[in-house]
Amino acid sequence: MLTVKAFQMDSFLPATYATDLLPQMEIAQGHLQNGTGAGNDFIGWVTLPQDYDKAEFARIQASAAKIRSDSKALVVIGIGGSYLGARGVIDFLCSPNYNLKKKDTPNIYYMGNGLDADAMEEVMELIGDDDFSINVISKSGTTTEPAVAFRFFRKMLQDKYGAEEAKGRIYATTDKARGALKSLADSQGWETFVVPDDVGGRYSVLTAVGLLPIAATGVNIEDLMAGAASMMETCKDGSLANPAWQYAALRFALYTAGKPIEVLGAYDPAFRFMTEWWKQLYGESEGKDGKGIFPASVEFTADLHSMGQYIQDGCRIMFETMVRMGASKAEKLVPLDEADGDGLNFLAGKSMDFIRDKAMEGTLLAHTTGKVPNIIVQMDGKTPYDLGQMIYFFEYACGISGYLLDVNPFDQPGVEAYKKNMFALLGKPGYEELRAELEAQL
Ligand code: PA5
């Protein structure tokens, strides 16, 4: 079971920091378990690992099997909450080098998460003559980046296979009834999957949003859900034995003690996109009403040679949360070199994990001495089950954290502002007045 450890926290927080927060934590717990808080129409994710739609889950498995059998590439089109979870899980469980590996599952290309023409052209070239399918994901069905990318890749698909065969290669994940994507999907007869009404984008990785692309890579999504379900049971505990309570209490106490930045990291490059997923989850959930911890991320040890300087010596405004995963799958022992020209024979026979763990311990001590408090999130391993646990743990702790801050953890009014401006500047019908105002400013 995932655990949370606070390292030498008595140097930074009073011994009573967690018990002092108990009354607020109990209220937050009630909001999540009973739906009594702000944004309570978006807490479907709380029970999702057990209550998910089993018939749709079977369709996801069937579509993933079809994609594996008829496609060498899957273009996953989505942005923000409709993108980061799938990428985080696939990179972590399959490798950031997944596309380069020899395998009998399709390459995954992520599109619609930006507006760069060269990136799009490159993916089109990489797909080349390969058989491919598209999974377009947009809850609203109107987000510009994925909608534009979808138009390009839909045309590519139709040009290659003809309109009829292309229909069987498009999978649309969207709202069950509303939005342009849903109407288009229904009119064209594409296979569709639902983003539940009561699950917001950043909490949607364990819905079809994440599950279809993840399953297409062959990852066992039943194990992923089972891990999340086990953490869901753990999080029902309304006490400080609950790891999500421990983490939420620590980060809230550190925030109020003058640490407004949290740096999440791991000693594993495969974790990088999980930190991107986490940044969206916490940044969008907490950053409002002039409040919120700023979520940042690092990849150690690489960033110890760059951001390590600031963390050790810069403004004392941050704390770190390090995710540890235990033993690597590969055991790599440092070879003996008789000549010892590099002076490394003191490490001969030692494993890479041993060297990593000493780097981790040395950094923990150095940063703590440098007045950067450290929280350790310890996972049992790197399986889909372990990751399912971790995903639910971070989601639940995020809900508790938002309520401790007294914000609505489930809305994102700030994300809408740029979308409206972009629609207006692009000349979308209905935005004429705003367009004139904005152009006058520019
Ligand atoms: O969390 C969110 O709501 C956002 O990041 C959205 O997921 C993102 O803007 C994409 O929206 P949509 O799925 O409607 O295209």
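Ligands are counted one by one from 1 in listed order, and the atoms in each one are counted from 1 as well.
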Worksheet item: Any side-chain heavy atom of M156 within less than 4.5 Å of one from I127?
Response: yes
Worksheet, complete the sentence: atom 11 (O) of ligand 1 has as its nearest protein heavy atom T143 OG1, 3.5 Å
Discussion item. Taking the side chain as everything from C-beta on, heavy atoms only, tell me whether K259 gets closer than 4.5 Å to V372.
Written reply: no
Discussion item. Looking only at protein heavy atoms, which one is nearest to atom 1 (O) of ligand 1, and what is the separation?
Written reply: E284 OE1, 2.7 Å
Practice prompt. Report the part of E416 in contact with ligand 1, treating N, CA, C, O as backbone and CB onward as side chain, heavy atoms under 4.0 Å; options are side chain, backbone, both, neither.
Written response: neither
Fill in: Distance-only donor-acceptor check, side chains D131 and Y161, under 3.5 Å
yes
Worksheet item: CZ of F294: more than 12 outside heavy atoms within 6.0 angstrom?
Response: no
Item to complete: Ignoring hydrogens and angles, tell me if any N or O in the side chain of Q158 forms a donor-acceptor pair with the backbone of K167 under 3.5 Å.
Response: no
Discussion item. Please state which option from Q280, E145, K139, R202 has its nearest heavy atom closest to atom 5 (O) of ligand 1.
Written reply: Q280
Practice prompt. Among all protein heavy atoms, pick out the one at the shortest distance from atom 9 (O) of ligand 1; state its residue, atom name and that distance to 0.1 Å.
Written response: K419 NZ, 3.2 Å
Item to complete: Run the ring-centre check on F252 versus Y17 and record whether the distance is less than 6.0 Å.
Response: no
Item to complete: Name the closest protein heavy atom to atom 8 (C) of ligand 1, giving the residue it belongs to and the distance to 0.1 Å.
Response: I79 O, 3.5 Å
Worksheet item: What protein heavy atom sits nearest atom 6 (C) of ligand 1, and how far off is it?
Response: G81 N, 3.9 Å
Item to complete: Check each atom of ligand 1 against the heavy atoms of S140 and keep those under 4.0 Å away; list them by number with element.
Response: 12 (P), 14 (O), 15 (O)
